[in-house]
There are 2 protein chains.
Amino acid sequence: MTTEEQILQTATKLFLEKGFAMTSTTEIAKEVGCNQALVHYYFRTKENLFMQVFMQKIRLFITAFTEKSAANEDFFERLERRICAHANMMEQNPNLPFLIMNELILNKERRCMIRDYIVENPMIRNIYYEFDKEIKEEIAKGVIRQIDTLDFLLNVLSLNVFIFVSAPIYTDLLDRTDKEKQAYISHRKEVVVKTLLNSLKP
Amino acid sequence: MTTEEQILQTATKLFLEKGFAMTSTTEIAKEVGCNQALVHYYFRTKENLFMQVFMQKIRLFITAFTEKSAANEDFFERLERRICAHANMMEQNPNLPFLIMNELILNKERRCMIRDYIVENPMIRNIYYEFDKEIKEEIAKGVIRQIDTLDFLLNVLSLNVFIFVSAPIYTDLLDRTDKEKQAYISHRKEVVVKTLLNSLKP
DNA sequence: GTCTATATAGTGATAGAC
DNA sequence: GTCTATCACTATATAGAC
């Protein structure tokens with residue numbers, strides 16, 4: 001691995017653990033084993049370095065919900081598969097939802113910066129459009145109750161994100177072991193799927 | 001208002017807006033209109049000042065769910081009233097859920113510090129115990145489906161908190177006005193109540 | 001490409017005058 | 001109680017040697 005890749009990898013790890021403000025370029029360099037000046041040689045500013053990490057993770061976060069369905073699954077099975085795919089992505093990047101929320105809330109510039117990427121991206125628009133069509137069909141068929149697609153997606157996001165935001169808090173607050181933390185996450189994943197599917201009942 | 005109170009008030013405002021790490025004592029002093037040394041004269045350290053703000057807000061956050069019920073309300077009406085009370089508290093302190101999450105996730109010491117307050121506080125234990133009894137009774141009566149009380153509370157927390165975390169992101173991402181942001185919050189509050197009540201159906 | 005050295009600016013905190 | 005002045009520290013970023 002080149003030094004540049006090492007810096008990017010270490011930066012990703014540290015930004016996820018501690019956020020933008022509390023991670024210094026000195027610390028990144030120290031963990032890579034090189035000099036602090038080198039971090040700036042490759043990425044010029046800390047902001048640049050962060051945005052590279054951030055946008056890559058944003059892409060991952062959004063595309064995770066687009067899990068393709070198997071041939072003969074019904075609507076609820078497909079839905080469950082997608083909700084789980086989204087949760088699994090976060091399980092593999094535990095602090096990711098937190099980092100995204102954190103930086104988007106504290107920094108208005110970053111909100112505006114990803115607007116172009118998310119809102120005006122035709123691929124993402126298309127993903128939404130397809131899902132919206134699906135939802136409306138099932139409502140028309142009477143399989144699920146009347147609900148707005150965006151509202152349902154926000155419900156999924158709320159419940160899924162909160163699993164991983166609350167897990168470290170839950171663990172320390174109730175003096176749990178790492179194994180119990182894992183059990184908490186698994187359990188919440190099940191509860192969230194059940195809650196979401198049940199909330200769609202007519 | 002005394003200078004000390006002014007400092008506390010301004011600190012509350014700035015910590016809520018920008019978090020602990022990105023608020024400096026210099027900035028607090030500047031906004032109060034006094035010298036930076038004075039902030040340290042009253043509170044000695046920035047950490048002290050923050051913890052005073054933080055614990056006061058934590059208390060507010062927890063007790064908000066304990067809205068007392070009117071005499072002749074049924075279970076679902078009481079539940080709705082509590083969920084709304086909790087949401088309204090956050091509406092009056094828009095960045096509060098975010099601040100709490102932020103500081104609890106990034107700072108293990110703070111997690112442990114509030115453990116004593118939350119987990120071992122007999123009043124809070126009692127609130128939980130009463131609600132748990134209520135839930136179990138309604139399950140026994142067949143009014144709602146089988147669900148763990150803690151799981152339900154986590155669902156409430158997830159959905160309610162996310163309304164206010166997502167509102168500023170939603171507003172900038174989709175170029176919304178302040179009035180539209182307000183409409184978003186009102187709408188989501190309704191959706192969340194409906195989703196939660198519907199998810200309890202047997 | 002990697003290093004040392006340094007410019008520049010900001011931080012939290014304290015000492016001491018008034 | 002409020003101020004000025006200052007210390008010690010850390011940060012980002014850059015210049016220049018090799």
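The chains referred to below are lettered A, B, ... by the order of the sequence lines, with proteins before strands, and numbering in each begins at 1.
- What separates CD1 of B:Ile28 from P of C:dG10 is a distance of 17 Å, to the nearest Å.
- The one candidate from A:Phe50, A:Phe98, A:Phe54 that meets the ring-ring contact (aromatic ring centres under 6.0 Å, His included) condition with A:Phe15 is A:Phe50.
- Between B:Ser24 and C:dG10 there is no side-chain polar atom (N or O) within less than 4.0 angstrom of OP1 or OP2.
- Across all strands shown, A:Thr23 has heavy atoms under 4.0 Å from sugar-phosphate atoms exclusively, and none from any base.
- Of the candidates C:dT4, C:dT11, D:dT12, the closest approach to any side-chain atom of B:Thr26 belongs to C:dT11.
- Nearest nucleotide to the side chain of A:Lys46, out of C:dG1, D:dA13, C:dG12: D:dA13.
- Taking the charged nitrogens against the carboxylate oxygens, A:Glu103 and A:Arg110 do have a contact shorter than 4.0 Å, which makes a salt bridge.
- Note on B:Tyr41: a base of the nucleic acid sits closer than 4.0 angstrom, heavy atoms only.
- Between B:Phe43 atom CZ and C:dA13 atom P the separation is 13 Å, expressed in whole Å.
- For A:Lys46 and A:Phe20, the positive end sits near the middle of the six-membered ring, less than 6.0 Å away and at most 45° from its axis.
- Side-chain contact annotation: B:Thr45 with B:His40, donor-acceptor N/O pair under 3.5 Å absent.
- Spacing between atom CG of B:Asn48 and atom P of C:dT14 amounts to 10 Å, rounded to whole angstrom units.
- Contact between the side-chain N/O atoms of A:Thr45 and the OP1/OP2 oxygens of D:dT12 is not found at any separation under 4.0 Å.
- Note that B:Arg176 lies outside the cation-pi zone of B:Tyr184, set by a 6.0 Å cut-off to the ring centre and a 45° limit from the axis.
- In the set C:dA15, C:dG12, D:dT14, C:dG12 carries the atom at the smallest distance from any side-chain atom of B:Thr25.
- The distance between atom CD1 of B:Ile7 and atom C1' of D:dC3, rounded to the nearest whole Å, is 13 Å.
- Atoms CZ (B:Phe20) and C1' (C:dG12) sit 10 Å apart, rounded to a whole Å.
- In this entry the distance linking CZ of A:Arg44 with C1' of D:dT12 reads 12 Å, nearest Å.
- Between A:Asn35 atom CG and D:dA15 atom P the separation is 16 Å, expressed in whole Å.
- For D:dT14, the OP1/OP2 oxygens have no side-chain nitrogen or oxygen of A:His40 closer than 4.0 Å.
- What separates CD of A:Glu5 from P of C:dG1 is a distance of 13 Å, to the nearest Å.
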